2 protein chains.
Amino acid sequence: MTKILEISRSRLHGGQQLRLQHHSSALKCDMVFGVFLPPQAESDPVPVLYWLSGLTCTDENFAQKSGAQKLAAELGMAIVCPDTSPRGTDLPGEHDDWDFGSGAGFYLNATQSPWSDHYNMYDYVSRELPALVETTLPVTDQRCVSGHSMGGHGALMCALKDPDRYVSASAFAPICHPTETPWGIKAFTHYLGENRNHWQAWDATQLVPTVTRQLPILIDQGGDDEFLANQLRPGSLEQACICTHHPLEVRIQAGYDHSYYFIASFIGDHLRYHARALELETHSH
Amino acid sequence: MTKILEISRSRLHGGQQLRLQHHSSALKCDMVFGVFLPPQAESDPVPVLYWLSGLTCTDENFAQKSGAQKLAAELGMAIVCPDTSPRGTDLPGEHDDWDFGSGAGFYLNATQSPWSDHYNMYDYVSRELPALVETTLPVTDQRCVSGHSMGGHGALMCALKDPDRYVSASAFAPICHPTETPWGIKAFTHYLGENRNHWQAWDATQLVPTVTRQLPILIDQGGDDEFLANQLRPGSLEQACICTHHPLEVRIQAGYDHSYYFIASFIGDHLRYHARALELETHSH
C-alpha cells in the first residue's frame, strides 16, 4: 500500500491544488508531485493531463505560472505535474549543472552508473505515477500528455513510445531531436553512455518511424525562442513526420519566447485540444 | 529626463510583459517594476491597474502567478506592478526579517532614521511611478488600484488618502487595521516611531472617516486564510465603513487561503469590476 503525504492543499477556481509526496520505487527516492483536481472530481472521476516540465523546474512551476487551472476547472480535467528528476539522492556531480542531473532527468531510463539506480523518469512518469494517481485520486485512466522544452520532448516520447496509453499529446517548444542538439547530447552521454545506438529509443525524431499507432501531435513553438535553432529543431521532427505521414501540427507563434508567458498564452488552446480528444463537453469559448 | 532600462520583454496574450528599471527620486535607489501592456496599447493609450504586492514579494509575483494578463488583454488594461520596498540600500537590519525592511515597505512614508531616507513607498507608488509610466508608456491617467495583504492595505490607503487620483479600488485579503495587528505594529514602530498618533494617517480603518470622496471598495477574503483573525481583520474596516456609510463590499470566499491561488481564482472578478468603473467595453463573459 503506497503512502501519500499531503504537503499542501489550496482551493483554486473551485477545485483543489495539491502537493503530494510519496516514495517512488522506480526512482528509489521520495518524490513530490502537483495535482489540480477540478470541481467535477468531487462527484465523478475525471481524465488527467500529465504535464512534464522543462530544465530546472520542479512540480510547482506549471501550477503557479501557467494559469491552466481556470479552464481545466471548466472542462473537468485534472492536471498532474511530476518533478523533473529524482530528488535527495546526492549522486556525484548531480547538482553541478543546471542542464544535467537534478532538475534535468530528461524523462528517460538511464543505463549508466550511478544514474541508472535512480534516473528512471520515463518509467516514473508513464507508469508508476499514473498507476499511483489512478488508484488513490478521483481520476480515470484517460490520459493526455503535454510538456515544455525538455518536458515537451518527454511528452513526445510518451506519445511515440506507447501511444495506446494516451488519448492525446501536445508540446510547447519541445526539444525535438536531442541526439543531435547540445542539451540532449550532454545528458544522453551521461545517462545512456557513449554508444549512440542506444540513444535512438529516447529521441522523438528517431522514434517517429517506429510507432505502433499514430497519435496526432500539436506543437506550439515561439518564433522568438532563443533556443529554437540550436536546441529545439522542430524541423527535424516535422521532416520525420512528413516521411511517415505521422499527423503533426507545428504552430510557430510569432514574437513569443521560451518562457512561461508563452505557455500561459497558449495553454488554453492545448487544453481544448485535449478536451476534444477526450470528448469532454465544453461550454466555454 | 528619466532614463528607463528594459530588463526583459516577453510576448504574452498578444501584448507585452515588461520589466523596467529606473532611478527613483522618492526612494533614492534603482527600482524595477513590471508592466503588462495589452495589445490595444499599440494603437491607443490604455488605463492602468496598479497592483501592490504583499510581504516578501517583488515586482514579479503578480505577473507570473496571477494569470491576470489574459483578461487584461481582452479588456485593454495595462497592469503596473511596483516592487514592495526600496532595494539595494543595505540599511542596518534591513534584510533580517521577512515582515519588515526589504520586501516589506508597507506603502507608507517613513519618518524615522534611517528608514526615512529611502522608505517612501507611498509617494513612490501613488505619485512618482504613475507620473513615470504616464509620460513614458502608452497609458492614460485613468488609474485603478488593487493589491494583496500588505499591498491590499496599500491599495486601501491609495483609495482613502487620495480618492480623486483613482477611478476604482479593490483588495485581496488586505491588512485592514495595521495599527492594531502584529505585522503593522512592528513595521509602524520602526518606520513611524513609538508615538501612535502618527500612525493614524497610515491605517485604512482609521482613514475611512477622513475621506474627501467615497470611492467604492471591493474586497475578496479567503475564509480559510491563516492570517484572517490575527493580522487582517476585515471586520474592523467594515465597522468603520458602516459608521460613515462608506461603500464597501467584503466577499468571504469559503475554503480559500492566503496564497496566489486565491488571487488567481478571483482576479477576473476584480478586473471586470475595474473595467466597469473605467467604462471599458467588454465582450467577455
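Keep in mind the model is a prediction, meaning the values are calculated, not measured.
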Counting only non-hydrogen atoms closer than 4.5 Å, does [X] touch chain A with its backbone (N, CA, C, O), its side chain (CB onward), both, or neither?
X         : result
Ser10(B)  : both
Tyr256(B) : both
Gln64(B)  : both
Gln69(B)  : side chain

Point to revise | CA sep, side-chain torsions, deciding dist, call: Asp30(B), Gln21(B), side-chain hydrogen bond (donor to acceptor under 3.5 Å, both in side chains) | key: CA-CA 7 Å; Asp30(B) 287 344; Gln21(B) 186 178 53; 4.6 Å; no
Practice item. May I ask you to check whether Phe36(B) and His13(B) place their ring centres under 6.0 Å from each other? Key: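 Between Phe36(B) and His13(B), which both carry aromatic rings, the centre distance is not below 6.0 Å.
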Point to revise | Ring centroid separation Phe266(A) to Phe172(A) under 6.0 Å | key: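 No, the ring centres sit 6.0 Å or more apart.
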Practice item. For ring-ring contact (aromatic ring centres under 6.0 Å, His included), just list the numbers for His22(A) and Tyr124(A), CA-CA rounded to whole Å, side-chain angles, deciding distance to a tenth of an Å, and then say yes or no. Key: CA-CA 12 Å; His22(A) 72 116; Tyr124(A) 177 67; 5.7 Å; yes
Point to revise | Choice from Ala73(A), Gly255(A), Ala68(A) maximising heavy atom contacts with chain B below 4.5 Å | key: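 Heavy-atom pair counts peak at Gly255(A).
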Review point. More than 12 foreign heavy atoms under 6.0 Å from CD of Glu6(A): is that the case here?
Key: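 More than 12 heavy atoms, drawn from other residues, nucleotides or ligands, come within 6.0 Å of this atom.
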Exercise for review: Select, from Ser66(B), Ala264(B), Ala254(B), Gly67(B), the one with the greatest count of heavy-atom pairs under 4.5 Å involving chain A.
Suggested key: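 So the answer, after comparing Ser66(B), Ala264(B), Ala254(B), Gly67(B), is Ala264(B).
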